[in-house]
Undergrad: 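Below are the structure tokens for one structure; questions will follow.
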Amino acid sequence: MIRYLADTHIALWLLDCPEKLSTAQVEVLSSPAEVFLSVASIWEMAIKTSIGKLHPPLLMADTFEAEGFSLLSIEPRHAEFLKVLPYPSSHRDPFDRMLIGQAMVEGLSILSADRYFADYDVAVI
């Protein structure tokens with residue numbers, strides 16, 4: 001069975017504006033497939049909340065687990081992999097780079113609408 005890693009915006013869209021999700025993303029999210037949400041996404045949401053750019057649920061991890069996501073911790077092997085991940089000048093977002101690294105290390109496909117993910121050797125839905 002294919003396993004997936006949701007980009008931060010996918011998890012937020014599922015809660016607040018599911019109409020933004022593609023048909024393929026909705027199919028995955030409503031299937032019995034295992035879909036992970038990285039702790040990097042929780043970290044990103046916390047930072048954006050602290051500067052007033054985002055208003056996620058108060059208990060983010062609990063909320064996303066209740067929505068069916070499995071949380072994916074950041075492991076040393078994920079961080080180490082970033083040493084060999086290409087660093088294109090067009091895409092420098094450290095959270096996205098961690099998600100890509102995690103997906104590649106763990107053999108996960110990524111659910112994302114981010115056009116820059118196609119620059120990497122990872123399946124994107």
Side-chain angles (χ1 to χ4, degrees):
M1 176 181 287
I2 300 174
R3 300 177 318 142
Y4 301 88
L5 177 60
D7 197 349
T8 308
H9 64 270
I10 297 295
L12 290 169
W13 288 354
L14 180 64
L15 293 181
D16 294 331
C17 41
E19 67 278 0
K20 289 186 175 184
L21 297 167
S22 73
T23 301
Q25 292 163 348
V26 170
E27 287 176 8
V28 168
L29 292 167
S30 61
S31 78
E34 187 167 22
V35 181
F36 292 93
L37 183 68
S38 175
V39 169
S41 292
I42 302 293
W43 181 10
E44 179 181 18
M45 287 183 248
I47 289 171
K48 289 183 177 179
T49 299
S50 73
I51 61 174
K53 291 180 90 174
L54 187 64
H55 304 285
L58 185 58
L59 299 173
M60 293 182 287
D62 291 346
T63 299
F64 290 115
E65 284 182 308
E67 287 294 325
F69 292 100
S70 298
L71 294 180
L72 179 62
S73 295
I74 299 171
E75 302 293 336
R77 67 184 182 275
H78 301 147
E80 290 275 342
F81 184 78
L82 299 181
K83 293 187 302 189
V84 299
L85 190 66
Y87 206 94
S89 61
S90 61
H91 193 227
R92 295 180 177 257
D93 184 311
F95 296 105
D96 285 352
R97 291 180 54 74
M98 179 54 73
L99 297 181
I100 292 162
Q102 287 182 296
M104 293 175 83
V105 168
E106 301 295 334
L108 305 171
S109 295
I110 296 182
L111 299 173
S112 181
D114 189 325
R115 61 185 170 99
Y116 293 115
F117 280 33
D119 294 341
Y120 300 91
D121 187 24
V122 64
V124 180
I125 307 296

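Since this is a predicted model, take the numbers as computed values, not measurements. Atoms considered below: every heavy atom in the structure, side chains included; atoms not considered: hydrogens, waters and symmetry mates.
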Undergrad: Under the side chain to side chain contact (heavy atoms under 4.5 Å, CB included) rule, collect the residues that match up with Ser22, sequence neighbours excluded.
TA: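 If we apply the side chain to side chain contact (heavy atoms under 4.5 Å, CB included) test to Ser22, skipping adjacent residues, the hits are Ala24, Gln25.
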Undergrad: Which distance, rounded to the nearest 0.5 Å, do you find between the CG of Leu12 and the NE2 of His55?
TA: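 Here the rounded value is 12.0 Å.
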Undergrad: So, taking the atom named CD1 in Ile100 and the one named CG in Asp121, what distance separates them when rounded to the nearest 0.5 Å?
TA: 11.0 Å
Undergrad: First locate atom CG of Asp114, then atom OH of Tyr120, and finally report the distance between them rounded to the nearest 0.5 Å.
TA: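 These two atoms lie 9.0 Å from each other.
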Undergrad: Is there a chain of hydrophobic side chains (I, L, V, M, F, W, Y, each step under 4.5 Å between heavy atoms) that links Ile2 to Val28?
TA: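 Yes: a chain of side-chain contacts under 4.5 Å links Ile2 to Val28.
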Undergrad: Pick out which of Arg77, Lys83, His78 makes a side chain to side chain donor-acceptor pair (under 3.5 Å) with Glu80.
TA: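 For Glu80, the side chain to side chain donor-acceptor pair (under 3.5 Å) test succeeds with only one of Arg77, Lys83, His78, which is Lys83.
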Undergrad: Step through the shown structure and confirm whether more than 12 heavy atoms of other residues, nucleotides or ligands are within 6.0 Å of CD1 on Ile47.
TA: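 Enclosed.
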Undergrad: Applying side chain to side chain contact (heavy atoms under 4.5 Å, CB included), can you list everything that pairs with Ala11, at least two apart in sequence or on another chain?
TA: Leu37, Phe64, Phe69
Undergrad: The criterion is salt bridge (charged side-chain N to carboxylate O under 4.0 Å, His left out); which residues satisfy it with Lys53, sequence neighbours excluded?
TA: none
Undergrad: Test of understanding: with side-chain hydrogen bond (donor to acceptor under 3.5 Å, both in side chains), list the residues that count as partners of Ser70, not counting sequence neighbours.
TA: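 Once residues adjacent in sequence are excluded, the partners of Ser70 under the side-chain hydrogen bond (donor to acceptor under 3.5 Å, both in side chains) criterion are Glu34.
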Undergrad: Any chance you could measure Leu85, atom CG, to Arg97, atom CZ, to the nearest 0.5 Å?
TA: 4.5 Å
Undergrad: Could you walk me through whether Leu72 and Gln102 pass the side chain to side chain contact (heavy atoms under 4.5 Å, CB included) test, one step at a time?
TA: CA-CA 9 Å; Leu72 179 62; Gln102 287 182 296; 3.6 Å; yes
Undergrad: Are Leu99 and Leu54 connected into the same hydrophobic cluster when the rule is that any two of I, L, V, M, F, W, Y join if their side-chain heavy atoms are below 4.5 Å apart?
TA: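 No, no single cluster joins them.
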Undergrad: Using the side-chain hydrogen bond (donor to acceptor under 3.5 Å, both in side chains) rule, collect all pairs that involve residues 1-11, keeping only residues at least two apart or in two chains.
TA: Asp7-His9, Asp7-Ser112, Thr8-Ser41, Thr8-Glu44
Undergrad: In chain order, what residues pass the side chain to side chain contact (heavy atoms under 4.5 Å, CB included) check against Glu27, with sequence neighbours excluded?
TA: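 Side chain to side chain contact (heavy atoms under 4.5 Å, CB included) list for Glu27, sorted by chain: Thr23.
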Undergrad: Which heavy-atom pair separates Leu5 from Ser38 by the least distance, and what is that distance?
TA: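 What the structure gives for the nearest pair is CD1-N, 3.7 Å.
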Undergrad: Identify, with sequence neighbours excluded, every residue that meets ring pair (Phe, Tyr, Trp, His ring centres under 6.0 Å) alongside Phe81.
TA: none
Undergrad: Output the distance between atom CG (Leu14) and atom OG1 (Thr63), rounded to the nearest 0.5 Å.
TA: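 The OG1 atom of Thr63 is 11.5 Å from CG of Leu14, to the nearest 0.5 Å.
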Undergrad: Among the clusters formed by ILVMFWY side chains lying less than 4.5 Å apart, do Leu15 and Ile10 turn up in the same one?
TA: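 Yes: a chain of side-chain contacts under 4.5 Å links Leu15 to Ile10.
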Undergrad: Going by the salt bridge (Lys or Arg N to Asp or Glu O under 4.0 Å) test, which pairs reach into residues 57-73, not counting sequence neighbours?
TA: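 Listed once each, the pairs would be none.
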Undergrad: Residues two or more places apart in sequence or in another chain: which of them pass side chain to side chain contact (heavy atoms under 4.5 Å, CB included) with Ala118?
TA: none
Undergrad: To the nearest 0.5 angstrom, please state how far the CE atom of Met98 sits from the CG atom of Leu82.
TA: 4.5 Å
Undergrad: Under a single-linkage definition using a 4.5 Å side-chain heavy-atom cutoff for Ile, Leu, Val, Met, Phe, Trp and Tyr, are Val35 and Ile42 assigned to the same hydrophobic cluster?
TA: yes
